[in-house]
Protein chains: 2
Amino acid sequence: MTRNSLAEKNCSLARALDVVGEWWSLLVVREAFFGTRRFQDFVDNLGIARNILSSRLKRLVAEGVLSRAERADGGVDYALTPKGEALMPVLVALMQWGDTFANAEPAPVVLTDRATGTPIAPLSVRAADGRVLTPQDMRAVPGPGADAQLRARLMPRSSKR
Amino acid sequence: MTRNSLAEKNCSLARALDVVGEWWSLLVVREAFFGTRRFQDFVDNLGIARNILSSRLKRLVAEGVLSRAERADGGVDYALTPKGEALMPVLVALMQWGDTFANAEPAPVVLTDRATGTPIAPLSVRAADGRVLTPQDMRAVPGPGADAQLRARLMPRSSKR
DNA sequence: GATGGTGGTTGCATATCAAAACCGTGAACG
DNA sequence: CGTTCACGGTTTTGATATGCAACCACCATC
């Protein structure tokens with residue numbers, strides 16, 4: 001069954017998921033962050049089926065998240081593009097959520113600041129002035145690209161929230 | 001084909017994806033953030049098939065991301081739990097990435113600070129002392145819960161990166 | 001030339017997703 | 001009380017996604 005494409009939705013989250021929301025995609029990107037370059041290493045490190053990996057790599061290259069380059073020795077390297085690197089907050093957020101809520105054991109991986117060797121801070125959603133915000137502190141409002149339906153959905157409602 | 005379960009992986013990201021990585025799950029969570037409570041409203045707002053929604057809601061309730069409560073009028077409300085609300089940075093990160101890279105149009109949704117009405121800041125990954133970090137500023141090291149394989153993979157390597 | 005490493009591709013079985021129809025329950029209304 | 005409608009699902013069916021295993025083409029090395 002073809003999955004409902006999220007590519008046309010008036011929603012950046014849906015569009016992002018259209019690119020990286022398939023099973024395995026974010027793990028492939030994470031592997032690239034860890035320095036994995038070669039097809040077989042992705043297979044070994046992820047335990048992913050070769051055909052699925054091939055398909056995911058192809059998609060991620062086509063979307064500009066990864067680049068594919070042939071080495072002088074005839075091999076192939078995959079590497080993150082700047083667009084791919086921009087997914088770092090996504091991966092960090094998921095990993096930190098997983099550390100807290102989805103993993104019964106202590107954290108398997110700690111992300112550290114190279115300069116100090118200390119663990120990075122938990123991600124926080126912040127206001128423009130730097131204050132940390134909770135979900136209740138925030139409001140979703142229609143942006144410049146909102147369509148009529150979305151605009152109607154996000155209009156202020158009296159005491160519905 | 002049964003998807004390779006990510007539930008046993010020595011990796012918090014994989015474990016998080018095991019909970020919320022199925023097609024539609026994060027969009028369901030996003031809808032709950034927007035205040036959607038009722039089954040039919042999820043269907044209408046997401047354009048999701050009823051059986052898939054039922055399955056996703058069941059899973060998210062079982063995992064403690066959403067709670068399910070029956071109303072006095074006989075209806076059912078789904079709402080985020082604190083565990084679910086903790087996914088906010090994930091959703092914000094994906095949405096901001098989508099705004100920048102996956103959506104050709106201007107942002108459909110702007111998240112604002114209720115207090116000031118101004119848009120929230122872009123998410124940044126920070127060091128403990130507040131400095132903003134790039135991927136190159138960071139290092140993944142084995143945490144207390146790392147298994148032997150992961151430990152070996154994350155050992156320092158000379159000029160491999 | 002033979003071998004092995006590499007990056008895939010192919011065929012097949014099973015699970016997942018989507019569309020559509022259906023079902024059970026309870027509230028509201030006449 | 002009976003009927004209707006809203007609601008939250010469940011079931012059936014078929015197309016596509018995923019995984020396993022085998023295979024293939026190409027290139028470097030010996």
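First the proteins, then the strands, lettered A, B, ... as listed; each starts at 1. No hydrogens, no waters, no symmetry mates; every other heavy atom, side chains included, goes into these values.
- In this structure, the side chain of Arg50(B) does not engage the main chain of Phe39(B) through any donor-acceptor pair within 3.5 Å.
- The CD-C1' distance, from Glu70(A) to dT6(C), rounds to 12 Å in whole Å.
- In the 5' to 3' direction, nucleotides of DNA chain D lying under 4.0 Å from heavy atoms of chain B begin and end at dC7(D) to dC20(D).
- Taking the side chain of Glu22(B) as heavy atoms from C-beta on, and the options dT10(C), dA21(C), dC17(C), the nearest nucleotide is dC17(C).
- With contacts defined as side-chain heavy-atom distances shorter than 4.5 Å, the pair Gln136(B)/Arg114(A) does not qualify.
- When each of Arg56(B) and Ala72(B) is assigned the nucleotide of DNA chain C bearing its nearest heavy atom, the one mapping closer to the 5' terminus is Arg56(B).
- Across all strands shown, Arg3(B) has heavy atoms under 4.0 Å from sugar-phosphate atoms exclusively, and none from any base.
- We find that CZ of Arg71(B) is positioned 12 Å from C1' of dG26(C), with the value rounded to whole Å.
- Going from atom CG of Leu17(B) over to atom CG of Leu6(B) covers 6.5 Å, rounded to the nearest 0.5 Å.
- DNA chain D is contacted by both Val76(B) and Ser55(A); Val76(B) maps to the nucleotide lying nearer its 5′ end (nearest heavy atom per residue).
- Distance CG (Leu53(B)) to P (dT16(C)): 17 Å, rounded to an integer number of Å.
- Across the protein-nucleic acid pair, Arg59(B) atom CZ and dC17(C) atom C1' stand 16 Å apart, rounded to whole Å.
- Residue Arg50(B) places none of its side-chain N or O atoms closer than 4.0 Å to OP1 or OP2 of dA19(C).
- Proximity of a side-chain donor or acceptor of Lys83(A) to a complementary backbone N or O of Thr100(B) within less than 3.5 Å is not detected.
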- Evaluate the criterion salt bridge (Lys or Arg N to Asp or Glu O under 4.0 Å) for residue pair Asp77(A) and Arg71(A); output intermediate values, then yes/no. CA-CA 7 Å; Asp77(A) 275 349; Arg71(A) 297 192 299 270; 2.6 Å; yes
- Begin from the C-alpha positions of Asp18(A) and Arg15(A) and carry the test salt bridge (Lys or Arg N to Asp or Glu O under 4.0 Å) through to its verdict. CA-CA 5 Å; Asp18(A) 189 65; Arg15(A) 296 224 172 184; over 6 Å; no
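- Distance Ile48(A) CD1 to dT9(C) P: 14 Å, rounded to the nearest Å.
- In this entry the distance linking OH of Tyr78(A) with P of dG7(C) reads 8 Å, nearest Å.
- The CD1 atom of Ile52(B) sits 17 Å away from the P atom of dA21(C) (whole-angstrom rounding).
- Inter-residue side-chain proximity for Leu57(A) and Tyr78(A) is flagged as met; some heavy-atom pair is nearer than 4.5 Å.
- Sequence order on DNA chain D of the closest nucleotides to Trp23(A) and Asp73(A) puts Trp23(A) first from the 5' end.
- As rounded to whole Å, 13 Å separates atom P of dG8(C) from atom CG of Asn51(A).
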